[in-house]
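Just so it is clear, the structure is predicted and the values come from calculations on it, not from any experiment. Only heavy atoms go into these numbers, but all of them, side chains included; no hydrogens, no water, no symmetry mates.
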Amino acid sequence: MALDDILKQVPIDDIAKQLGVSPDVAKTAVEQGGAVLLGGLAKNASTDEGSAAIQKALKKHEGTGGAASVKDIDQADGDKIVAHILGADEKKKVTEKLTQSDKTAGIDFGKLLPILAPIVMGLIANAGKGKTESASTESQGGGGIGDIIGGLLGGGSNGGGIDLGSIVGGLFGGKK
């Protein structure tokens with residue numbers, strides 16, 4: 001499983017239409033936004049408290065997945081998810097930094113991340129069904145959920161030539 005799995009579940013053409021950009025720009029933005037959300041989840045999963053909170057949130061998203069249209073996505077829930085993943089202060093900084101990126105001109109990440117967040121959570125919840133519970137009893141610190149998130153971040157080709165590590169590192173590097 002990789003970021004490609006997220007891309008398959010996101011209505012990229014509909015997002016492009018909603019945000020008034022080309023599908024290629026929307027795809028690049030979804031890749032960057034997905035990487036940021038996964039990076040934030042990975043950071044949170046590195047602590048016992050964060051891992052427990054993620055596992056609790058994932059239970060709400062089991063059985064959910066992609067959407068055919070942006071209208072099918074609960075963006076209010078997505079906004080809450082983004083705030084939990086990044087924290088209120090970081091959310092503002094990260095969305096501003098992403099919105100200012102030359103690679104995704106015209107994308108308002110304040111609007112995009114709440115669209116992506118429920119899809120990402122549903123994908124992780126479904127991928128980790130059963131794995132997160134058994135893995136969390138085997139290791140402290142939520143290695144199970146961390147492994148699933150890490151697999152999404154590092155697994156597979158993102159197809160866009162984007163260095164996900166540098167995106168996530170650039171946004172989260174040096175932050176505690």
Side-chain angles (χ1 to χ4, degrees), residues 1-23 25-47 49-101 103-129 132 142 145-146 148-149 152-153 164 167-168 171-172 175:
M1 185 176 352
L3 191 55
D4 290 337
D5 296 316
I6 295 171
L7 291 174
K8 290 176 190 168
Q9 302 208 20
V10 177
I12 293 191
D13 289 339
D14 195 36
I15 289 171
K17 189 175 176 181
Q18 293 275 332
L19 299 177
V21 297
S22 74
V25 170
K27 181 179 180 223
T28 299
V30 167
E31 289 170 342
Q32 289 184 338
V36 166
L37 292 172
L38 291 170
L41 284 167
K43 182 179 175 186
N44 292 340
S46 68
T47 67
E49 184 180 312
S51 181
I54 292 168
Q55 289 183 23
K56 183 178 176 184
L58 290 175
K59 289 183 192 284
K60 295 178 190 174
H61 294 276
E62 283 181 358
T64 63
S69 165
V70 171
K71 293 175 192 167
D72 298 335
I73 299 168
D74 183 351
Q75 293 177 49
D77 182 44
D79 197 46
K80 291 177 191 173
I81 294 167
V82 174
H84 284 290
I85 291 172
L86 301 177
D89 293 337
E90 284 300 304
K91 176 185 170 191
K92 184 176 181 184
K93 291 175 192 172
V94 168
T95 55
E96 285 175 4
K97 188 169 185 176
L98 286 169
T99 298
Q100 294 169 1
S101 170
K103 294 180 182 177
T104 52
I107 295 288
D108 179 350
F109 280 87
K111 293 179 182 177
L112 180 61
L113 292 178
I115 293 169
L116 294 178
I119 294 171
V120 169
M121 292 299 284
L123 184 65
I124 294 169
N126 295 330
K129 208 171 180 178
T132 54
I145 195 66
I148 292 166
I149 295 166
L152 283 166
L153 265 173
L164 300 179
I167 294 168
V168 174
L171 293 168
F172 294 106
K175 307 263 189 253

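- Pairing each heavy atom of Phe109 with each of Gly33, the nearest pair is CE2-N, 4.0 Å.
- Side-chain contact between Leu38 and Ile124 is present, with at least one heavy-atom pair separated by less than 4.5 Å.
- The two residues Ile12 and Pro23 come nearest to each other via the heavy atoms CG2-O, 3.6 Å.
- Asn44 places a side-chain N or O within donor-acceptor distance of the main-chain N or O of Ile85, the cut-off being under 3.5 Å.
- When all heavy atoms are compared, the tightest approach of Ala45 to Ser51 is O-CB, 3.8 Å.
- Thr99 OG1 to Leu113 CG: the interatomic distance, rounded to the nearest 0.5 Å, is 8.0 Å.
- With salt bridges taken as basic N to acidic carboxylate O contacts below 4.0 Å, one links Lys91 and Asp79.
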**OP:** Start with the C-alpha gap between Lys111 and Val70, add the side-chain angles, then the distance that decides, and say whether side-chain contact (heavy atoms from CB on, under 4.5 Å) holds.
**Re:** CA-CA 11 Å; Lys111 293 179 182 177; Val70 171; over 6 Å; no

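- Atoms CG and CD1, from Leu19 and Ile115 in turn, are 6.0 Å apart once rounded to the nearest 0.5 Å.
- Salt-bridge annotation for Glu90 and Lys93: present, with a side-chain N of the basic residue lying under 4.0 Å from a carboxylate O of the acidic one.
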Original post:
Yes or no on side-chain contact (heavy atoms from CB on, under 4.5 Å) for Leu41 and Met121, after CA distance, side-chain angles and deciding distance?
Top reply: CA-CA 10 Å; Leu41 284 167; Met121 292 299 284; 4.1 Å; yes

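- Of all heavy-atom pairs spanning Ala117 and Val82, the tightest one is CB-CG2, 3.8 Å.
- Looking at heavy atoms from C-beta onward, Leu86 lies in side-chain contact with Val36 at the 4.5 angstrom threshold.
- The structure places CG of Asp13 at 11.5 Å from OG of Ser69, a figure rounded to the nearest 0.5 Å.
- When every heavy atom of Ile73 is checked against every heavy atom of Pro118, the shortest pair comes out as CG2-CG, 3.9 Å.
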**OP:** Given side-chain contact (heavy atoms from CB on, under 4.5 Å), test Leu37 with Ile81 step by step and report yes or no.
**Re:** CA-CA 9 Å; Leu37 292 172; Ile81 294 167; 5.8 Å; no

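- The CD atom of Gln100 lies 9.5 Å from the OG1 atom of Thr95; values are rounded to the nearest 0.5 Å.
- Rounding to the nearest 0.5 Å gives a distance of 9.5 Å between CD of Gln75 and CG of Leu112.
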